[in-house]
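Every chain is numbered from 1, with letters handed out A, B, ... down the list of sequences. Please read all numbers here as calculations on a predicted model, not as lab measurements.
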Amino acid sequence: MIKDVFIRDILLKAEGFEGSRVRVCGWVHRIRDLGGVKFVIVRDRTGFLQAVFKRGEVPGDVMGLADSLREECVVCIDGVLRRAPTREGFEVSALELSVLSYPVEPLPLEVHSSLSAGLSTRLRYRWIDARNPKVSAVFLVKSWVARKFREYYSSQGFVEIFTPKIVSSGTESGADVFPVLYFDRTAYLAQSPQFYKQFAVIAGFERVFEIGPVFRAEPHHTVRHLNEYHSLDIEIGFINSFHDVMNYVEGFFRKLAEDSVKEEEIKRIMEDFNIEPIKIPEEGAPRIPIRKAYEILEEEYGKKIPPGEDLDSEGEKLLGNYAREKYGSDLVFITEYPWKVRPFYTMRKEDEPSWTYGFDLLMRGLEVVTGGQREHRYEKLKKNLADKGLRYEDFQYYLEFFKYGAPPHGGAGMGLERITMQMLGLQNVREARLLPRDTERITP
RNA sequence: GCCGCGGUAGUAUAGCCUGGACCAGUAUGCGGGCCUGUCAAGCCCGUGACCCGGGUUCAAAUCCCGGCCGCGGCGCCA
């Protein structure tokens, strides 16, 4: 290996290694050339370290090479670690320099100020933009959320599954999926692992989770939609009610909230982003039936939504504010959604069939989770399908899952990018996706 | 899909409403020079742009039409 340590590791051990030889490899972040002395700030994934080249103290050919450096050159610098009045408290007094790569033309983005460029420019040159620590921090948090998801559900007896992303029909209606040519047939990119996670429960795994891509063919123009994103999915067998599902969802968010203030790196990033830790009250996030939510919106905010209709995004924002003010909670479950706005596999309320055991979770006023109890009874499922006006033949393979013993079950799907966005207060969900796919963008 | 706003050097912007003094200003980058402790280093010189097409006008970055692209709101959703 050319590089054997990260800058952070050098700095952590710096106290004891003052005066010894170190090698720092990374990108040239900044150059401050004072003529006789040249400061080169090297950046890697873990931090910054300043190297100093002093004319007269380094060999002439090394100084000459140092004069050729430009921002974003990839370098390895060998030198002596010394205490210095820099932000890191140390610097490397350079002795040797190797330049592994030079930019071949002026940079389209400056890494240290990439955030001041427009988002579309940043995405066009995302591999440069992402070198900015404030940008990569988003992806460290995203990676952390995914890891917590795995850890939490694994610890609760869930099994990780991996389901097909090339499917024969859309999950709900087939209207919002991408067709793909599959040999001589048309297949579709999965818009959710919904059917297959239910399959896994029925196949006897009982509790399953998956982290996988989902594809939505809707031509949105908003700051909260992507045509490809990662879904955190769970499905749980042998539940009493959809409250069991909400308990498991809430358990995960509580884990995020607690660990984000316990773990230094995440805590520091959230402070950098100037955002409060996630707040969930001791007694749990409020669970508000949507019919109650209509009343709250009307009484507290004068906003009318016809009963039986879905909440609009303004309504969600207001309910987010309400939960924050009334319950001190960043999370609020809205429950018992109307049958009209839920997919056919949702279990309807026994006594009120126009309402369901479906819920959403709003995080700081944005929908980040959808879930509910599923209909596991074959005959009722068939009827639901018919009530939605869907064709039996299109879902026959799915209905068969329910013919030979299916436990009562439910689950939820969570948007990884939306959770990341809300945790960090990002203005656009595209910022939480390294290479977003949206209506216009399929490169890079 | 519907609606609104926008497109000026590599990047970010000023100028547009009220057409002419704009061969387009500023910052940063880039090229060159000075400088042996910088920290958004500083100073000097240089470099580089009006999205495309059509129209109005003596005159268009500026007004009008079309296209393309970008951003956002709605719907729908995670």
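- In this structure, B/G42 and B/C34 make a Watson-Crick or G-U wobble pair, each of the two defining distances being under 3.5 angstrom.
- A/H221 contributes no side-chain N or O that forms a donor-acceptor pair with the base of B/C71 under 3.5 Å.
- In this structure, A/H230 has no ring-ring contact (aromatic ring centres under 6.0 Å, His included) partners at least two apart in sequence or on a different chain.
- For A/N227, no side-chain nitrogen or oxygen approaches OP1 or OP2 of B/C77 to under 4.0 Å.
- Under the Watson-Crick or G-U wobble criterion, with both distances below 3.5 Å, B/C17 is left unpaired in every strand shown.
- Nearest approach of A/P277 to A/D330, heavy atoms of both residues: O-OD2, 3.8 Å.
- Regarding contacts with the backbone of B/G70, every side-chain N or O of A/R430 stays at 4.0 angstrom or more from both OP1 and OP2.
- Paired with A/H409 under the rule side-chain hydrogen bond (donor to acceptor under 3.5 Å, both in side chains), one option of A/Q198, A/E206, A/E375, A/Q373 passes, and it is A/Q198.
- In this structure, A/F39 does not pack face-to-face on the six-membered ring of B/G37, missing the 5.5 Å centre cutoff or the 30° plane limit.
- Side-chain nitrogen and oxygen atoms of A/T222 include none within less than 4.0 Å of the OP1 or OP2 phosphate oxygen of B/C74.
- Across all strands shown, B/G55 is found opposite B/C63 as a Watson-Crick or G-U wobble partner, with both distances under 3.5 Å.
- Of the residues in residues 45-68 of chain A, those lying under 4.0 Å from RNA chain B by heavy-atom distance are A/Q50, A/K54, A/R55.
- A/T370 has a side-chain polar atom (N or O) that falls below the 4.0 Å cut-off from OP1 or OP2 of B/A78.
- For A/Y322, there are no ring-ring contact (aromatic ring centres under 6.0 Å, His included) partners at least two apart in sequence or on another chain.
- In the set B/G29, B/G37, B/C77, B/G29 carries the atom at the smallest distance from any side-chain atom of A/E110.
- Shown here, B/C68 forms a base pair with B/G7; the pair counts as Watson-Crick or G-U wobble because both key distances fall under 3.5 Å.
- The partner of B/A49, taking Watson-Crick or G-U wobble pairs whose two distances both stay under 3.5 Å, does not exist in any strand shown.
- Base-pair partner of B/A12: B/U26 (Watson-Crick or G-U wobble, both distances under 3.5 Å).
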